[in-house]
Amino acid sequence: MNLAPSEFFRFCWPRRWLMILLLCAPAGAAQAASPEFPRPPELEPIVEFWRGVFVDYSEHQTILHDKINTNLIYAVLDFSDVVPLLDPDELRLHKRRVEIQEKERLKEVLLHLADNLDAADLSPLATQIKRQFAARGRLDPEHIRLSAQHLRGQWGLREKSIAALMRSGRYLPYMERVFAEAGLPVLLTRLPLVESSFNNAAYSKSGAAGVWQFMPGTARVYMNYDEVGDERRDPWFSTEAAAKHLRDDFERLQDWPLAVTAYNFGRNGIARALEEIGGNSLIDMIERYKHPRWGFAGKNFYAEFLAAVDVEQNALAYFGPIRRDAPDEFEEVTTEHYVSYDTLLDLSGEDAERFADLNPSFSTAVQRGELYVPPGKRIRLPQGKAPKFRHAYASLSADQLFHAQKVYFRQHRVRRGDTLSGLARRYKSSIRGIRQANGLSSKHFIRIGQVLKIPPTRTRQRSKPLLHAVRPGETLAGISRRYGVSVGSLQKTNGIDDPQRLQVGARLKVPGGQPPRVAYHTILSGQTVETIAKKYGVSIQAIASINGLQDVNRVQAGQRLKLPGS
């Protein structure tokens with residue numbers, strides 16, 4: 001039973017702000033199967049469910065559905081009318097609290113229905129649910145009673161999907177080229193729609209990071225992940241790593257639905273599961289494999305990927321015109337010595353923000369000058385800048401090039417009674433820093449006799465000032481906030497008499513500042529560039545300049561803007 005959105009039956013609980021929609025999964029156009037990514041009929045209802053999550057439901061709606069039969073939807077909670085009344089933290093807690101309450105209410109309705117299937121005085125909600133079970137041929141008390149234990153909430157992703165499609169324009173051309181050269185299906189480059197929404201700053205509770213959401217252990221196999229940098233945060237390096245990862249998954253499993261699922265569940269786990277059940281397909285695993293780790297996420301991952309591909313391939317039909325970010329055009333050079341980050345920044349001719357944006361993997365220790373950039377590191381520069389960089393690099397003096405890395409870690413042999421928190425206090429380091437330096441997760445314990453690397457956390461003064469290129473609309477006060485320095489120090493360092501007269505394109509030295517973190521704002525419905533500029537205390541011209549906006553009136557909800565003065 002499928003209902004068009006206009007046919008959804010609405011039922012209001014006594015609270016006037018809460019609207020519950022009773023429905024089945026939203027209908028979507030069937031998509032043609034491909035040889036690499038087949039669409040078993042058993043998965044099509046689940047694909048349709050996820051397509052609805054991506055397209056039909058807003059971030060302020062929560063879908064209450066069955067965890068086992070994913071597309072069995074009982075209700076949708078709509079919070080749109082309270083969004084203007086609550087700040088983000090309050091709204092999140094409010095949504096969670098109401099979701100818990102309504103799950104309990106639905107559980108009571110299901111249990112009551114199981115005991116009173118033939119009653120003539122069922123509530124409208126119970127009657128609608130009864131029809132859904134009948135349409136599936138599962139109208140028996142035991143099945144309904146079990147379903148009461150399988151309630152799950154899923155937030156809508158419409159706005160997040162639009163923002164993800166906009167961001168994808170920056171990376172997809174490069175990703176498709178890398179995957180094509182590796183002989184992999186290019187549709188695999190849509191996996192970040194599921195993993196991270198193409199958000200390079202994405203970081204999960206389990207420790208996965210970046211566009212491709214690599215875990216630390218897997219990152220060490222496929223990329224550089226150490227005190228010099230975390231290449232999970234680099235969308236280009238991590239794309240190359242993801243291609244190798246998926247190639248290895250396929251070589252082990254010889255089936256793309258299984259290989260895609262392995263990206264979430266692990267190829268060894270998939271192989272063991274198939275051996276245990278004597279199966280050879282994803283459907284075999286979904287229907288027959290029982291294991292605590294094999295839960296909702298793993299069972300739904302391939303169907304969610306298929307839905308994401310559908311949405312991306314038909315974005316115009318689902319969302320209307322969307323302006324995708326322009327792809328980054330860059331060239332690469334490779335270091336031949338140990339060299340300071342500041343030296344590379346100076347040779348690039350770019351301001352600190354743009355250089356960091358193209359080379360986001362370097363650690364804070366490297367950016368502060370506590371460690372050198374090692375030989376063999378690929379450095380990205382804007383298109384056309386590589387020849388000048390190479391010429392300047394070849395002219396560096398001997399005191400700017402080094403043949404060994406700086407001594408950075410202390411060594412500590414674990415003794416009886418040592419703890420990570422105690423070592424962090426003793427060496428003025430941090431628990432997180434010690435864990436990362438030694439490849440320890442929160443589940444690992446240190447043992448007596450183990451030698452740990454202890455990184456410092458105290459900052460050192462930068463040997464050289466940063467350089468900042470003045471953009472249209474920027475003020476000295478805004479630049480000072482961005483880098484955490486005073487207006488007076490900027491004036492003194494750069495010989496500026498009148499702070500109100502800044503020349504666009506002028507390169508200002510920023511004494512003692514740290515490279516700024518890039519911050520973004522995702523446009524909400526009803527917002528304009530003018531209101532966003534007022535919110536962050538910057539000028540409209542500065543926002544337009546940093547984002548390359550030709551017309552500030554032509555922005556749309558879901559679009560992500562880089563903020564000047566982040």
If I compare all heavy atoms of [X] with all of [Y], which pair ends up nearest, and what's the gap?
X	Y	value
Leu381	Ser348	CD2-CB, 3.6 Å
Leu106	Ile129	CD2-CD1, 4.0 Å
Tyr171	Pro235	CE2-CG, 3.4 Å
Thr189	Phe198	O-CZ, 3.5 Å
Pro192	Met175	CG-CE, 4.3 Å
Tyr203	Gln213	N-NE2, 4.2 Å

Run the ring-centre check on [X] versus [Y] and record whether the distance is less than 6.0 Å.
X	Y	answer
Phe305	Tyr263	no
Phe296	His65	yes
Phe301	Phe265	no

(Q) Please determine whether side chain to side chain contact (heavy atoms under 4.5 Å, CB included) holds for the pair Thr239 and Val211, giving the CA-CA distance in whole Å, both sets of side-chain angles, and the decisive distance to 0.1 Å. (A) CA-CA 8 Å; Thr239 290; Val211 166; 5.8 Å; no

Is the shortest heavy-atom distance from the side chain of [X] to the side chain of [Y] under 4.5 Å?
X	Y	answer
Ile286	Glu42	no
Leu246	Leu191	yes
Lys160	Trp155	no
Asn268	Arg252	yes
Ser361	Trp236	no
Tyr74	Leu110	yes
Leu193	Phe54	no
Phe250	Glu36	no

Q: Start with the C-alpha distance between Met166 and Ile322, add both sets of side-chain angles, then the distance that settles side chain to side chain contact (heavy atoms under 4.5 Å, CB included), and finish with yes or no.
A: CA-CA 7 Å; Met166 290 177 174; Ile322 291 178; 3.6 Å; yes

Looking only at atom types and distance, does a side-chain atom of [X] sit under 3.5 Å from a main-chain N or O of [Y], one as donor and one as acceptor?
X	Y	value
Glu331	Gly384	yes
Thr62	Leu77	no
Ser363	Glu227	yes
Asp226	Gly229	yes
Asn359	Arg380	yes
Asn314	Ala317	no
Arg232	Tyr225	no
Asp78	Gln61	no
Gln132	Ile73	yes

Working to the nearest 0.5 Å, report the span between [atom1] of [X] and [atom2] of [Y].
X	Y	atom1	atom2	answer
Leu172	Arg167	CG	CZ	12.0 Å
Glu159	His60	CD	NE2	6.0 Å
Leu72	Phe49	CG	CZ	10.0 Å
Asn224	Phe237	CG	CZ	8.0 Å
Arg247	Leu188	CZ	CG	13.0 Å
Thr261	Trp256	OG1	CH2	11.5 Å

Q) Can you list the steps and then say if Trp50 with Val311 is a side chain to side chain contact (heavy atoms under 4.5 Å, CB included)? A) CA-CA 10 Å; Trp50 285 108; Val311 171; over 6 Å; no

The criterion is side-chain hydrogen bond (donor to acceptor under 3.5 Å, both in side chains); which residues satisfy it with [X], sequence neighbours excluded?
X	value
Glu99	Arg96, Lys103
Asp89	Arg92
Lys67	none

(Q) side chain to side chain contact (heavy atoms under 4.5 Å, CB included), that's the test. Do Leu549 and Leu561 meet it? Break it down for me. (A) CA-CA 10 Å; Leu549 300 179; Leu561 297 178; 4.2 Å; yes

Q) Which class fits the ring pair Phe214 and Tyr222: parallel under 30°, tilted 30 to 60°, perpendicular over 60°? A) tilted

Q. Relative to each other, are the rings of Phe362 and Tyr341 parallel, tilted or perpendicular (30° and 60° limits)?
A. perpendicular

Can you tell whether the side chains of [X] and [Y] come within less than 4.0 Å, N to carboxylate O?
X	Y	answer
Glu251	Arg267	no
Arg105	Glu102	yes
Asp357	Arg170	yes
Arg39	Asp310	yes
Glu231	Lys377	yes

I'd like to know if the side chain of [X] pairs up with that of [Y] as donor and acceptor (distance under 3.5 Å, no hydrogens or angles considered).
X	Y	value
Gln527	His521	yes
Asn199	Ser197	no
Asn300	Thr70	yes

Q: Answer yes or no: are there more than 12 heavy-atom neighbours, outside Arg432 itself, under 6.0 Å from its atom CZ?
A: no

Q) So Lys95 and Glu59, salt bridge (charged side-chain N to carboxylate O under 4.0 Å, His left out) or not? Walk me through it. A) CA-CA 11 Å; Lys95 287 179 177 179; Glu59 61 186 346; over 6 Å; no

